[in-house]
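Working notes for the structure below.
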Amino acid sequence: MAWITQKSSAPNDLGRRAVPYLAPATKDRFERDFIPRYPTRRGALIQVLHAIQDEVGWLPMQAMEEVAQFIGITPSQVVDTATFYEEFFFKPRGKYTLWVCQSVSCEIMGSTALQGKISEKLGIHHGETTPDGKFTLMHVECIGACGGAPCALCNHKLHENLSSDNVDAILDSLP
Amino acid sequence: MALDTPILMKRIPQGNVANRQTVWYDGYVATGGYAALDKAIAMEPSKIIDEMKASELRGRGGAGFPAGMKWSFLPPPDGGHRFLAVNADESEPATFKDQLLINTDPHMMIEGIAICMKACHLDTAYVYIRGEYHHHRVTLEKAVQEAWDNGIFGEKSRMGQINGRTPRLFVQRGAGAYICGEETALLESLEGKRGWPRNKPPFPAVSGAFARPTVINNVETLATVPAIIENGAAWFKTHGVARPEGVPPQVPASYGTKLYGISGPVNNPGVFEDHLGIKLSALIGQHGKGMRAGKQFKAAFHGGISMGVLGTDQYDAVLDFDIGKRCGVLGLGTACVTVIPQDVSMVAMARNCARFYSHESCGQCTPCREGSNWAYKLLSRIEAGEGTTADLDLLSELAGSMGSMPGSTICGLADGTSWAIRTILQKFWNEFEDKVAKPRFVGLALR
Ligand SMILES: Cc1cc2nc3c(=O)[nH]c(=O)nc-3n(C[C@H](O)[C@H](O)[C@H](O)COP(=O)(O)O)c2cc1C
Ligand code: SF4
Ligand code: FES
């Protein structure tokens with residue numbers, strides 16, 4: 001149950017803002033794109049959460065409350081679902097999230113050294129964000145690109161055949 | 001027997017990854033695509049299922065359940081929804097075969113989906129694709145849109161109405177949870193809940209997604225369907241290997257081709273198609289182009305870590321559905337091979353597996369939740385050189401009992417944990433003993 005006990009993305013801030021996260025136009029879009037796909041409104045929940053996180057970068061509590069109201073379930077039900085999944089964040093994260101694989105194929109091909117190198121370079125460990133808000137580091141299990149091990153996702157982009165040597169260039173090239 | 005004409009990689013160059021491009025709708029149709037669907041539309045749905053049963057196609061998602069049989073389990077339509085959930089969660093460590101199909105020839109799977117919907121009277125299908133497959137999802141969504149635009153799905157579907165409804169296909173984006181690959185966890189996730197596997201029965205065929213009859217199949221399983229419908233079960237069975245001698249006829253054989261993945265220190269890692277029943281040594285030698293310079297074969301996970309490990313003396317293991325009994329592993333699994341070289345410690349591998357399971361256990365069942373974390377702690381200690389022989393005994397007992405008592409856990413994740421750790425312990429016991437061999441002072445007592 002690591003998702004409860006070790007969740008590094010756990011919320012620390014319930015700050016609110018006056019502008020809603022689900023503007024009427026956004027709700028219309030969800031109503032059109034996601035809701036009709038499922039026999040229950042709740043079926044659309046994960047797709048809605050993704051859409052919000054893609055826009056905001058993370059899932060603020062207020063946004064989850066608004067989602068609850070939109071879907072017609074309780075905020076606790078939204079939080080229950082959202083916190084189960086590793087990809088959802090409940091506090092702000094860096095401009096780039098690095099998902100570095102550490103499963104068997106990647107470990108055999110050198111992910112331990114790679115993780116060490118990245119941590120040393122950025123000064124952060126698993127689940128942490130650099131003070132300048134540029135990078136968040138996640139050590140994750142197999143990302144399904146084992147033929148190019150060791151590999152990592154930088155936001156949505158896959159980088160394969162990484163090494164302590166070429167990872168510098170990749171990180172330095174990011175604006 | 002080498003594979004002359006690939007089935008699944010018919011439009012995709014084998015090996016040379018750099019040359020791979022997505023085959024879009026027009027290209028797919030130009031190379032004979034959707035002919036099988038047209039054939040299926042003209043068939044009586046029950047005849048499609050009969051053909052699938054006759055082909056003895058076994059599920060490619062890991063469990064190897066006969067697909068035709070699964071399709072025949074659904075009750076007759078009663079007016080309510082009926083669903084297909086396509087398992088594109090592909091999160092088993094070392095497994096990366098389905099992504100190739102999605103990324104390069106998505107319409108083959110989509111055609112298989114349409115045929116399955118037609119055969120089983122399913123009105124709505126969802127492809128549940130793991131969250132980490134971003135690029136793949138974009139490709140898939142585009143291909144699905146093409147299928148809607150070209151009258152495979154939607155109001156103008158060439159299949160007409162199915163189950164009294166417009167046939168529809170949607171992409172469902174997962175959000176990072178290995179357990180959602182387990183079929184009932186996938187269904188929970190589809191319903192907007194956390195991915196907690198369900199107690200069975202009821203089975204999904206009777207009460208699946210949204211409590212309605214549901215078929216769940218793997219991407220590769222469905223991608224194999226068009227070729228079977230187009231060329232017939234008899235043709236399909238000229239591929240792969242027949243039922244071994246002495247095996248009862250109700251046990252399905254290993255017919256057809258299979259996508260194999262190879263990762264680890266080989267010269268040419270990647271995804272390759274070959275007959276079921278290829279030898280591990282041939283896979284590594286011919287497709288993987290051998291071990292990298294200076295690397296020597298020690299062991300291999302042959303089907304994701306959950307199936308257990310093949311030892312040094314099992315280099316010639318035959319990769320078919322019967323591998324379990326022959327090689328002391330759980331089964332064929334995903335047939336994606338991780339090659340472990342001599343210079344990698346098996347203690348480290350066992351620890352890696354335990355970490356994976358303790359992280360991915362959904363937490364519902366005590367043996368799985370506690371056992372995997374306990375094993376991880378023990379293995380961390382042993383790997384750090386702090387372990388004792390008592391730790392080793394405890395670990396063996398733990399790994400040997402998890403998931404082995406039927407009904408003590410809800411899903412197969414616990415069995416995976418057990419097989420991964422137990423087989424490594426059995427086949428590489430000496431490495432563990434070496435790690436704990438030195439007597440050591442702990443406090444004041446010699447242990
Ligand atoms: C813990 C666990 C994880 C699984 N992960 C996957 C997966 O990622 N992809 C998959 O196709 N099947 C996975 N399966 C197997 C599915 O439960 C199911 O058997 C399969 O999707 C059925 O499709 P098939 O009959 O076409 O193989 C998993 C099973 C378990 C117990
Ligand atoms: S066996 Fe493990 S993963 Fe499966 S339901 Fe039980 S706790 Fe969850
Ligand atoms: S083991 Fe790292 S991507 Fe699969």
Side-chain angles (χ1 to χ4, degrees), chain A residues 1-6 34 36-51 53 71 73 77-78 80-88 99 101-112 138-149 151 153 155-158 160-161, chain B residues 17 81 90-96 98-99 124 126 130-135 168 170 172-178 180 189-196 209-210 212 261-265 269-271 301 305 336 338-341 344 348-349 352-353 355-356 358-363 369 373:
Chain A
M1 262 200 305
W3 45 274
I4 290 182
T5 53
Q6 296 159 16
F34 298 135
R37 296 184 180 187
Y38 310 92
T40 64
R41 288 183 72 83
R42 186 168 179 170
L45 177 58
I46 292 171
Q47 307 312 299
V48 165
L49 292 175
H50 265 311
Q53 179 163 287
I71 300 263
I73 54 179
Q77 286 172 308
V78 175
D80 175 2
T81 295
T83 52
F84 185 81
Y85 298 94
E86 189 147 15
E87 275 186 67
F88 292 132
W99 308 83
C101 176
Q102 56 181 355
S103 289
V104 285
S105 301
C106 287
E107 179 172 337
I108 291 169
M109 301 306 282
S111 65
T112 311
M138 299 293 287
H139 292 171
V140 293
E141 301 300 343
C142 184
I143 55 176
C146 329
C151 51
L153 281 166
N155 288 350
H156 289 189
K157 189 170 169 20
L158 177 66
E160 296 181 288
N161 301 311
Chain B
V17 180
H81 278 292
E90 189 154 72
S91 309
E92 180 69 33
T95 301
F96 57 113
D98 296 338
Q99 55 88 21
T124 305
Y126 304 97
R130 68 177 299 187
E132 291 84 351
Y133 280 171
H134 299 288
H135 178 263
R168 308 181 307 161
F170 301 111
Q172 168 89 2
R173 177 177 174 189
Y178 166 68
C180 290
S189 184
L190 195 60
E191 294 179 9
K193 301 172 187 159
R194 55 176 125 96
W196 269 15
F210 307 99
R212 296 293 307 160
I262 314 176
S263 58
V271 180
F301 295 109
I305 59 176
C336 285
T338 304
V339 178
I340 307 170
V344 166
M349 287 290 102
N352 191 311
C353 293
R355 186 200 59 228
F356 175 82
S358 76
H359 184 261
E360 301 297 342
S361 166
C362 87
R369 177 188 63 232
N373 201 31

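Since we're looking at a predicted model, the values are computed, not measured. A note on names: the letters A, B, ... follow the listed sequences, proteins ahead of strands, and every chain is numbered from 1.
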| said: Between Glu107(A) and Met349(B), is there a side-chain heavy-atom distance shorter than 4.5 Å? | reply: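 In short, these two side chains touch, coming nearer than 4.5 Å.
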| Hey, does Ile46(A) have a side-chain heavy atom less than 4.5 Å from the side chain of Ser189(B)? |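 Yes. Closest side-chain heavy atoms under 4.5 Å.
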Would you give the length of the straight line joining atom [atom1] of [X] to atom [atom2] of [Y], rounded to the nearest 0.5 angstrom?
| X | Y | atom1 | atom2 | result |
| --- | --- | --- | --- | --- |
| His139(A) | Arg355(B) | NE2 | CZ | 10.0 Å |
| Gln77(A) | Lys193(B) | CD | NZ | 9.0 Å |
| Ile143(A) | Glu90(B) | CD1 | CD | 12.0 Å |
| Glu360(B) | Ser103(A) | CD | OG | 8.0 Å |
| Cys142(A) | Arg130(B) | SG | CZ | 6.0 Å |
| Ile108(A) | Ile340(B) | CD1 | CD1 | 5.0 Å |

Contact origin within [X] toward chain A - heavy atom pairs under 4.5 Å:
| X | result |
| --- | --- |
| Glu191(B) | backbone |
| Phe210(B) | side chain |
| Cys336(B) | neither |
| Arg173(B) | both |
| Ala348(B) | both |
| Glu92(B) | backbone |

| message | Please enumerate all residues that pass ring pair (Phe, Tyr, Trp, His ring centres under 6.0 Å) together with Tyr133(B), with sequence neighbours excluded. | response |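 Tyr133(B) satisfies ring pair (Phe, Tyr, Trp, His ring centres under 6.0 Å) with His136(B) only.
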| task | Under 4.5 Å, counting heavy-atom pairs only, tell me which of Pro39(A), Gly43(A), Cys146(A), Gly147(A) racks up the most with chain B. | result |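 Greatest number of close heavy-atom pairs with chain B: Cys146(A).
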| Partner residues of Ser111(A) under the side chain to side chain donor-acceptor pair (under 3.5 Å) criterion, sequence neighbours left out | none
| Quick one: of Tyr178(B), Phe356(B), Phe301(B), who has the most non-hydrogen atom pairs under 4.5 Å with chain A? |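 With the most close heavy-atom pairs to chain A, the winner is Phe356(B).
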| Option that, when pairs with chain A are counted at under 4.5 Å, heavy atom only, ranks first among Ser91(B), Gly174(B), Ala209(B) |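 Looking at each of Ser91(B), Gly174(B), Ala209(B) in turn, Gly174(B) comes out on top.
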Which heavy atom of [X] sits nearest to which heavy atom of [Y], and what is that distance?
| X | Y | value |
| --- | --- | --- |
| Val104(A) | Cys353(B) | CG1-SG, 4.3 Å |
| Ser263(B) | Ser105(A) | OG-OG, 2.8 Å |
| Thr124(B) | Arg37(A) | CG2-O, 4.5 Å |
| Ala177(B) | Tyr85(A) | CB-CD2, 4.0 Å |
| His50(A) | Ala175(B) | NE2-CB, 3.7 Å |
| Arg194(B) | Thr81(A) | N-OG1, 3.8 Å |

| request: Start with the C-alpha gap between His134(B) and Lys157(A), add the side-chain angles, then the distance that decides, and say whether side chain to side chain contact (heavy atoms under 4.5 Å, CB included) holds. | output: CA-CA 8 Å; His134(B) 299 288; Lys157(A) 189 170 169 20; over 6 Å; no
| Where on Ala145(A) is there a heavy atom nearer than 4.5 Å to chain B: the side chain, the backbone, both, or neither? |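 Backbone only.
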| request: Examine Tyr126(B) together with Tyr38(A) and report whether their ring centres are nearer than 6.0 Å. | output: yes
| said: Can you confirm whether His135(B) is buried at NE2, in the sense that more than 12 heavy atoms of other residues, nucleotides or ligands lie under 6.0 Å from that atom? | reply: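 No, not enclosed.
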